[in-house]
Amino acid sequence: MLEINEFKHDLLKWFDENQRQMPWRETKNPYYIWLSEVMLQQTQVNTVRPYYNAFIERFPTIEALSTTNEEDVLKYWEGLGYYSRVRNFHEAVKEVHNKYNGKVPDDPESFQSLKGVGPYTNAAVMSIVHNHPLPAVDGNVLRVWSRLTCNDADIAQPKTKKLFEKELQPFVETKSGDFNQAMMELGATICTPKKPICILCPVQKHCEAFAEGVVSELPVKKKKIKKKTIDYDVLYITNREGQILIRKRDTKLLNGMWEFPMFEQDTSIDAIEDELDSVITIENEPVIQTKHVFTHMTWNMKVYKAYMQKENIKPPYKWMNKNEKDTLSFSTSMTKIFTQMNQLL
DNA sequence: GAAGCGTGGCA
DNA sequence: TTGCCAAGCTT
């Protein structure tokens with residue numbers, strides 16, 4: 001079993017001397033720390049950096065974010081993915097504004113009750129800002145800890161995470177913020193998924209997997225099922241004024257994002273006209289064929305040019321002028337289509 | 001407890 | 001090209 005004080009000393013010394021600079025490490029403002037943790041969920045540091053800087057510049061305070069409508073906030077998340085994160089964060093910040101007098105709760109139970117704040121984000125923010133003794137167990141820590149303790153439990157299972165949280169509790173009684181960040185930093189830079197750099201590891205002498213020579217076999221992670229594929233016809237519909245027809249999604253996937261109307265490929269013209277409540281002219285051959293890959297599914301899309309003349313469009317549909325593209329939020333697949341169409345036309 | 005939820009980088 | 005991975009949460 002790991003000797004707590006020696007391990008912590010070695011890890012924290014390394015972290016103090018080697019941690020990477022990040023904009024959110026230059027503040028203890030709980031609103032900023034919280035935002036960074038939400039953006040960093042399932043997202044790499046270098047991807048987050050520009051989004052974080054733009055977001056806090058546009059919404060520097062809880063007050064500023066609370067008084068902005070969702071459409072404008074979503075624009076600052078465009079392209080970052082997992083869009084429910086920003087809806088939950090927006091709602092949670094408004095709750096802080098209204099119920100907590102604009103001050104982020106400093107007790108873990110209140111904080112984790114906010115939308116989008118789970119065990120990890122709670123532990124991370126509460127430990128970094130207030131040194132609350134909570135272990136922040138993310139993907140990095142699951143991997144690092146499975147190696148340090150030479151544990152071959154499936155890290156994809158929730159009970160493994162619970163076990164690790166329990167085992168790590170004694171390590172976060174003091175300096176929990178630095179300890180949690182150091183464990184994640186170690187996982188991100190040294191104890192990486194592939195080709196970990198054990199030769200540079202500050203806690204190599206504490207690592208049971210290294211001692212056993214099985215570092216490359218850990219962690220054990222059950223593989224996910226194969227993803228589905230859906231074929232879509234995407235319609236790039238213009239009218240006499242040169243506007244483009246778009247619609248706002250009301251679905252779990254990409255909820256609230258705008259898109260060009262799209263239909264599964266066996267959908268009949270009649271059904272499409274019924275949905276659009278208008279006659280429509282669609283070209284016979286697609287102008288673009290493209291693929292968009294999500295974590296859990298793939299879209300194969302054929303894009304057709306089409307023409308439609310209809311004055312009274314009702315939500316979720318909308319005629320968009322081309323210069324409006326910069327004010328509305330589109331998923332990355334739609335932005336790519338928009339760019340390609342502009343090059344063709 | 002398992003599945004759904006985005007995107008970009010990398011081998 | 002394909003699959004895996006990245007500071008998770010919700011249902």
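Numbered from 1 within each chain, the chains take letters A, B, ... in sequence-line order.
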Is there a donor-acceptor contact under 3.5 Å from the side chain of A/T160 to the main chain of A/D154?
yes

Quick one: label A/K115 by what it contacts on the DNA or RNA (base, sugar-phosphate, nothing), any heavy atom closer than 4.0 Å.
sugar-phosphate

Taking only side-chain nitrogens and oxygens of A/T43, does any of them come within less than 4.0 Å of OP1 or OP2 of C/dA6?
no

Does the side chain of A/Q41 get closer than 4.0 angstrom to OP1 or OP2 of C/dA7 through an N or O atom?
no

OP1, OP2 of C/dA6 versus side-chain N and O of A/R143: anything below 4.0 Å?
yes

Do other residues, nucleotides or ligands put more than 12 heavy atoms under 6.0 Å from the CG atom of A/D250?
no

Please tell me if A/Y83 has a side-chain N or O lying less than 4.0 Å from either OP1 or OP2 of B/dT7.
yes

Base, sugar-phosphate or nothing for A/L254? Non-hydrogen atoms, less than 4.0 Å.
sugar-phosphate

Can you tell me whether the side chain of A/T47 and the base of B/dG9 have a donor-acceptor pair closer than 3.5 Å?
no

Salt-bridge contact A/K13-A/E17 (side-chain N to carboxylate O under 4.0 Å)
yes

At less than 3.5 Å, do the side-chain atoms of A/Y120 and the base atoms of C/dG8 form a donor-acceptor pair?
no

Specify the residues of residues 7-23 of chain A, ordered by number, for which at least one heavy atom lies under 4.0 angstrom from an atom of DNA chain B.
none

C/dT2 phosphate, OP1 or OP2, under 4.0 Å from A/K291 side-chain N/O:
yes

Taking N and O atoms by type only, does the side chain of A/T295 place a donor or acceptor under 3.5 Å from a partner on the base of B/dT7?
yes

If only side-chain N and O atoms count, and only distance matters, is there a donor-acceptor pair under 3.5 Å linking A/E259 with A/S331?
no

Closer than 3.5 angstrom, by distance alone: can the side chain of A/Y51 be matched with the main-chain N or O of A/E78 as a donor-acceptor pair?
yes

Closest approach to the side chain of A/T121, judged atom by atom: which nucleotide of C/dT2, C/dG8, C/dA6 is it?
C/dG8

